[in-house]
There are 2 protein chains.
Amino acid sequence: MHKKLFIPGPVDVSEDVLLKMATPQIGHRTKDASALQRSISDKMRKVMYTENEILLSTSSGSGLMEGAIRSCTRKKAAVFSVGAFGNRWYEMAVANNVPADIFKSELGQPTTPEMVEKALSTGEYDLITITHNETSTGIMNPVEAIAEVVSKYPDVIFCLDTVSSMGGTKIDVDKLGVDICITSTQKCLGLPAGLSICSFSNKAIEAAKEVPHRGLYFDLLALYECIQKKDYQYPSTPSLAHMFALDYQLDKILEEGLENRFARHLEMAKVVRAWANKHFEMLAEEQYASNTLTTVKNTKGISVADLNKELGKRGYMISNGYGTLKEKTFRIAHMADTKMEDLQVLLKEIEDILGL
Amino acid sequence: MHKKLFIPGPVDVSEDVLLKMATPQIGHRTKDASALQRSISDKMRKVMYTENEILLSTSSGSGLMEGAIRSCTRKKAAVFSVGAFGNRWYEMAVANNVPADIFKSELGQPTTPEMVEKALSTGEYDLITITHNETSTGIMNPVEAIAEVVSKYPDVIFCLDTVSSMGGTKIDVDKLGVDICITSTQKCLGLPAGLSICSFSNKAIEAAKEVPHRGLYFDLLALYECIQKKDYQYPSTPSLAHMFALDYQLDKILEEGLENRFARHLEMAKVVRAWANKHFEMLAEEQYASNTLTTVKNTKGISVADLNKELGKRGYMISNGYGTLKEKTFRIAHMADTKMEDLQVLLKEIEDILGL
C-alpha cells in the first residue's frame, strides 16, 4: 500500500506528473532538449520572481549548495545555521577547504538580522548563506529583514537555501537581492527527487570568476557559460525524465496561480499550527513558523515511532524529529499539492490513534 | 514522433522500464528505501563481476569521475586519454587542483600497456584513469593488457570509465583489479539518464582516507561510510524514480543473462562494422573497435547533418562526429536493448537515403 506522505520531502506527486517521468528519452544535444530546458528556465524565473539566469543540476539540492559556497567564496563565507541543513552548508565549506565561520542559533530560534549585521560589519566575509526554511525545526527565517542588512554590503554574495519553501511561499529573489537561490524538485514544487535548481545573479557570476578552483560538476560558472553557449544544453547528460516532468508541473503551478498556491500553503499551515497548539506545542515561535511544515514538540511524551507505525497501517506517513530532536518532536509537512481535506483526515487519524 | 535512438546515450528505454520511473515516491529514510538500494547494489555487483561495495550517485557519470580522481589521488594522477571523455577527466583534476598529467593517444588510437608502463614506472603516480570505451572515437581500450601492467603497482588506484560499455560487454572488475569502476544509466544499462554508479574497493577506501579535501557530494568515502551506517541510505535525497527503474531493469538484464547480453552487443557490432567497411571506413582499428558503438569515417564526404535530418523524418537518429570529428565521422550506437532487426532497418534506411 502506498502511504500518503506528510514528510518534508519527498512529497506525493500527482499521477499525471509522475507519468511525465516515463516520457521516452531524447538526445540531450538536440533542439528539443534546448527548447525543453529553456522553457523550464523561463517558468522557474516566474516562480522565483527573478530575471537572473536559472541553472539546473542533476543532483539533490545539496549539490548546488556545495557548488554555491565553493564557486563564489573569494575571502570567507559566513554560514548562518538554524539546524541540520545550515550545519551541512558549513561542512561543505570545510570539505572543500573554503574559509568559513558558522553562526548557530539556538535550536528552534531563527537567524536574526542583528546576527547578520554583526558578522558582516567585520568586513571579513564576502558570501553569506541563509537557510530560508529549516526542515528540522520548522523555522522560517525573517528573510526580508535579513536581506535589508545584506543589501548594505554590496560585495557580499547572498546565498539562500529555499529547498523546502520555493513554490510554497513567496520568495521574491530580485527584491531580496538574493544572488544564488537554491531549491530542488521533491518539496513544494511537487515532483520526484533528483533535480535541483538555482538562480544565478550577475554579481555571483563576477565573483566566481575570481575563484580559482571551483571543481567541474558543481562549478556554477561553468554551468552558466555552457548554457549560454549551447542554447540551454548542459555540460553532461541531464535527467531528461525530471526535465519533462518539471516543465509540465510548472505549467500546472502557474495555472493554479502562484499567489493562490502560497495562500493554500498558508491555510494548511494555520490548520496544523492550531492543531499543534491545541494538543501539543510548536517548536518554533509563531512568528518564525514555517508555512510548509510544522515541527511539533512532543509534550505528551508519546512514542513517535509507534504513532508513525500505526499511521502507516492506515496509509499515512509523518516524520519523526530530525537528529537530536528524534522522539522529542515530530514533523508534519503541508507542502506541494497536498489538499486541505487530506491534511484534516491525517490530523483526525492522529487524534484517533492517540485518543486526543 | 519519437525517433528511435542510435546515439551513444541517452538510449531508448523499454516501455515497462520507463513506467517504473513513474512509481509513487517513498520516504528516503525508510526500510523500503534501504531494501531498494541494497537490492540494486547486490545486482550491480553481478553486472560488474565484483565483490566491492557499490555506490549510487544522483548525477551523470561525470560526477563520479570527478569524485574518483578528487577523492583518491594522494600524490598525482596519470590520466590516459583517447578522446573527449579522457580529456574531461584531466579537466576535472585541474578544476579541483588535483596534481595530474595527461597522456593522450592520437585520435582513433588506443591507450597501450606500454604507455601505462612508461608512466607508472616513474613512481610519480598513485592513481590512473583509463577510458574503457570512448564514445567520440569508438575505441575500446585493451583493458586486460593494461590491467596486467597496473597490477605490478600495488599503490596505484585504478579508475576505469565504463560509462558507455558496462552492461554491454564483460568487464570483470575484480579480475582486472579495478578499484573504482564508473558507469551510468543512460547507455548499455538501458535506462533514462540521471543516475551514476561505481564500484569502490578497499584499497580505494584506504586511499581516500589520506586525502584531506574531498568535497562532500562526490566524496566517495563519505558515500561509502553513509551507506554502511544507514543501511544503504545516502547522505542526501536520491532520485528514487531511477532507483525503482534500475532495480527492475537489472532483473531484466540478469534474466536475459549477462553472457547473452554481451553476445548480442557483439553481434550487432559485427554487423555495423561490416557495413561500415563496405560503404565507408571505421575510425578505430578492428582490434580496438568498440562493441557498443561504431564511429564511421565519412570517406564519401556526405553531409552527416543532412543524413540525420532525413533519418529523423523516417523516425531514426544517429550521432554526428564529436567535437573536431563533426562531419568527418558519424556514429552509430548499438547498445542496451536495441534489437538486431531495428539496427538492420536503420542501416537499410541510411543506404536508401545515400543511394548506396
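Here is how names work: the chains are called A, B, and so on, in the same order as the sequence lines, proteins then strands, and each is numbered from 1. Source: prediction; values computed, not measured.
With a 4.5 angstrom heavy-atom cutoff, A:I7 touches chain B only via side-chain atoms. With a threshold of 4.5 angstrom between heavy atoms, A:P192 approaches chain B through its backbone and through its side chain. In this structure, the portion of A:T23 lying under 4.5 Å from any heavy atom of chain B is its backbone and not its side chain. With a threshold of 4.5 angstrom between heavy atoms, A:V17 does not approach chain B through any atom at all.
In the model, A:T131 has no side-chain atom that pairs as donor or acceptor with a side-chain atom of A:D161 under 3.5 Å. Side-chain N/O atoms of A:Q249 and A:D337 include a donor and acceptor closer than 3.5 Å.
Highest contact tally toward chain A, considering only B:M317, B:Q186, B:R70, B:H242, is held by B:R70 [criterion: heavy-atom pairs under 4.5 Å]. The most heavy-atom pairs under 4.5 Å with chain A, out of B:L19, B:T237, B:V11, B:T30, come from B:T237. Considering only heavy-atom pairs separated by less than 4.5 Å from chain A, the leading option among B:R88, B:H2, B:E66 is B:E66. When each of A:T185, A:N97, A:L195 is checked for heavy-atom pairs under 4.5 Å with chain B, A:N97 comes out on top. Looking only at heavy-atom pairs under 4.5 Å with chain B, the residue among A:I26, A:V98, A:D219 that has the most is A:I26. In terms of heavy-atom pairs under 4.5 Å with chain B, the best-connected choice from A:M21, A:M65, A:H213 is A:H213. Put simply, of B:A222, B:G61, B:S184, B:S60, the one with the most heavy-atom pairs under 4.5 Å next to chain A is B:S60. Ranked by non-hydrogen atom pairs under 4.5 Å with chain A, the options B:G194, B:S57, B:A95 are led by B:A95.
Between A:F218 and B:F218, a ring centre-to-centre spacing shorter than 6.0 Å is recorded. B:F85 has its ring centre less than 6.0 Å from the ring centre of B:Y322.
Open room surrounds NZ on B:K328; 12 or fewer heavy atoms of other groups in view lie less than 6.0 Å from it.
Between B:K229 and B:E225, no side-chain nitrogen of the basic residue sits less than 4.0 Å from a carboxylate oxygen of the acidic one, so the salt-bridge criterion is not met. Ion pair A:D12/A:K4 not flagged as a salt bridge, since none of the NZ, NE, NH1 or NH2 atoms sits closer than 4.0 Å to an Asp/Glu carboxylate oxygen. Ion pairing between a basic and an acidic side chain is recognised when a charged N comes within 4.0 Å of a carboxylate O; A:D16 and A:K252 show such pairing.
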